[in-house]
Amino acid sequence: TGSSRPQRMLKAVQKNATKGDPESVISAIDYYCRHKEWAMNVGDEKGLILDSVLTEVNPSTALELGTYCGYSTVRIARLLSPGSKLITVEFNPAFAAVARQIIAYAGLQDKVTLVEGPSGDLIPKMKARFGIKSFDFVFLDHWKDRYVPDTKLLEDCGLVSEGSVLLADNVICPGAPEYLKYVRNSPRYESRYYKSNLEYTKVEDGLEKSVFLG
Ligand SMILES: CNc1ncnc2c1ncn2[C@@H]1O[C@H](/C=C/CNC(=O)c2cc(-c3ccc(F)cc3)cc(O)c2O)[C@H](F)[C@H]1O
Ligand SMILES: [Mg+2]
């Protein structure tokens, strides 16, 4: 059987990036996905917004829902302060296997814990398993119809506290309309939309940043 798109992306990283250099891993993936084969990474344009929000928050503990190949995992982990941790959740074993290799190639494996399994099962176990009090930053990039249920689950499990920042990808394309309604109408969130473009295209998309008010 042939290779998969994630496997071809990994090959492109191994061929074109420098081991231990996260910037070169990011560039290699962006080049491959822009010029060879599109893939659903947050990408370079929305990635700059992710970088600026992340730098502003400077989280001690961060959560990513939907690792896929680890592109945004590398973008987030490379900006974490020493001693800070990123937990990323992925339930597709093939994607998780590729992501682990891409994260390791970037030399960021000590800052990242990739947990395999469905977010709905793993979120309630975060406190016990990883000693997390609450997440300072959450990047939502998994199935779009799961953004609302998982946000409610994070609230119910006490995994967000006053000042925690949620950043959601794809709120326009493919779209997460229920999520936008939820965070924009809730008195518990201060929300802001960052207009951008769908990765590697001219189609509009954007990120929604929502600060939990407690
Ligand atoms: C539900 N709980 C889960 N737990 C753990 N891992 C999960 C869970 N749910 C999914 N995963 C895991 O998270 C990933 C899912 C990402 C989904 N992303 C997209 O669909 C997505 C789609 C487009 C897109 C836009 C236009 C177009 F024409 C075609 C595609 C663009 C984007 O940036 C996206 O992020 C992974 F695949 C899945 O195993
Ligand atoms: Mg996305």
Side-chain angles (χ1 to χ4, degrees), residues 5-6 29-30 33 38-54 56-57 59 62-76 86-92 95-96 99 114-115 117-124 126 134-157 159-161 163-214:
R5 185 174 311 207
I29 294 173
D30 284 332
C33 294
W38 188 92
M40 59 181 177
N41 314 119
V42 72
D44 44 3
E45 199 178 328
K46 287 185 288 178
L48 288 174
I49 300 167
L50 169 59
D51 290 357
S52 68
V53 172
L54 209 275
E56 174 198 331
V57 177
L63 173 67
E64 174 180 60
L65 300 177
T67 316
Y68 185 43
C69 296
Y71 173 88
S72 46
T73 319
V74 168
R75 283 203 84 109
I76 294 166
L86 169 63
I87 294 177
T88 184
V89 174
E90 174 55 58
F91 65 13
N92 179 313
F95 295 164
L114 194 163
V115 197
S119 52
D121 297 357
L122 291 168
I123 287 170
M126 287 288 164
S134 82
F135 289 108
D136 309 307
F137 179 84
V138 182
F139 183 55
L140 299 94
D141 195 21
H142 58 332
W143 293 158
K144 309 313 161 192
D145 62 357
R146 298 294 305 172
Y147 283 16
V148 173
D150 282 350
T151 298
K152 289 179 172 172
L153 195 52
L154 286 165
E155 292 167 18
D156 297 346
C157 296
L159 285 166
V160 284
S161 50
S164 292
V165 171
L166 305 186
L167 188 65
D169 190 23
N170 311 116
V171 295
I172 301 300
C173 178
E178 303 82 7
Y179 178 76
L180 286 183
K181 266 202 297 290
Y182 180 71
V183 288
R184 291 176 176 175
N185 298 343
S186 165
R188 301 181 79 185
Y189 290 94
E190 182 58 45
S191 249
R192 176 187 160 180
Y193 174 63
Y194 291 81
K195 184 173 188 283
S196 185
N197 291 299
L198 177 68
E199 49 267 31
Y200 318 117
T201 77
K202 292 186 169 48
V203 173
E204 183 181 342
D205 188 21
L207 301 167
E208 186 83 358
K209 174 190 165 192
S210 307
V211 183
F212 187 63
L213 303 173

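Both backbone and side-chain heavy atoms feed into the values below; hydrogens, waters and symmetry mates do not. Bear in mind that the values here come from a model prediction, so they are computed numbers and not experimental data.
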Between Lys202 and Asp205, is there a salt bridge with N-O shorter than 4.0 Å?
->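 No, this pair does not count.
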
So do the side chains of [X] and [Y] get within less than 4.5 Å of each other, counting heavy atoms only?
X	Y	value
Ile49	Ser196	yes
Lys209	Val165	yes
Leu154	Leu63	yes
Met40	Asn170	no
Ile87	Phe135	yes
Tyr71	Asp141	no
Pro6	Tyr68	yes
Phe212	Ser134	no

Verify the distance criterion only: is there a donor paired with an acceptor across the side chains of Asp44 and Tyr200 at less than 3.5 Å?
->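 Their side chains do not contain a donor-acceptor pair, so the 3.5 Å distance test is not met.
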
State the [atom1]-[atom2] distance between [X] and [Y], to the nearest 0.5 angstrom.
X	Y	atom1	atom2	result
Leu153	Asp121	CG	CG	9.5 Å
Leu159	Met126	CG	CE	7.5 Å
Tyr194	Ser52	OH	OG	6.5 Å
Asp30	Asn41	CG	CG	7.0 Å
Lys195	Ile172	NZ	CD1	9.5 Å
Leu50	Asp169	CG	CG	8.5 Å

Go through Tyr179 and Thr151 one step at a time and tell me if the side-chain contact (heavy atoms from CB on, under 4.5 Å) criterion holds.
-> CA-CA 9 Å; Tyr179 178 76; Thr151 298; 3.4 Å; yes

Might you point out which heavy atoms bring [X] and [Y] nearest each other, and give the distance in Å?
X	Y	value
Val57	Asp136	CG1-O, 3.7 Å
Pro59	Leu54	CD-O, 3.6 Å
Ser119	Asp150	OG-OD2, 2.6 Å
Ala39	Glu199	O-CG, 3.8 Å
Pro124	Cys157	CA-SG, 3.8 Å
Ala99	Leu114	CB-CD1, 3.7 Å

Give the C-alpha distance, both sets of side-chain angles, the deciding distance and a yes or no for side-chain contact (heavy atoms from CB on, under 4.5 Å) between Tyr193 and Leu180.
-> CA-CA 9 Å; Tyr193 174 63; Leu180 286 183; 5.7 Å; no

Counting only heavy atoms not in Glu56, do more than 12 fall under 6.0 Å of its CD?
->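 More than 12 within 6.0 Å, yes.
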
Run the ring pair (Phe, Tyr, Trp, His ring centres under 6.0 Å) check on Tyr147 and His142 step by step: do they pass?
-> CA-CA 8 Å; Tyr147 283 16; His142 58 332; 5.5 Å; yes

Check: [Y] main-chain N/O paired with [X] side-chain donor or acceptor under 3.5 Å:
X	Y	result
Ser164	Ser161	yes
Arg192	Val211	no
Trp143	Gly66	no

Under the side-chain contact (heavy atoms from CB on, under 4.5 Å) rule, what do Asp51 and Arg75 come out as? Steps first, then yes or no, please.
-> CA-CA 7 Å; Asp51 290 357; Arg75 283 203 84 109; 2.7 Å; yes

CA sep, side-chain torsions, deciding dist, call: Cys69, Ile29, side-chain contact (heavy atoms from CB on, under 4.5 Å) | CA-CA 10 Å; Cys69 296; Ile29 294 173; 6.0 Å; no

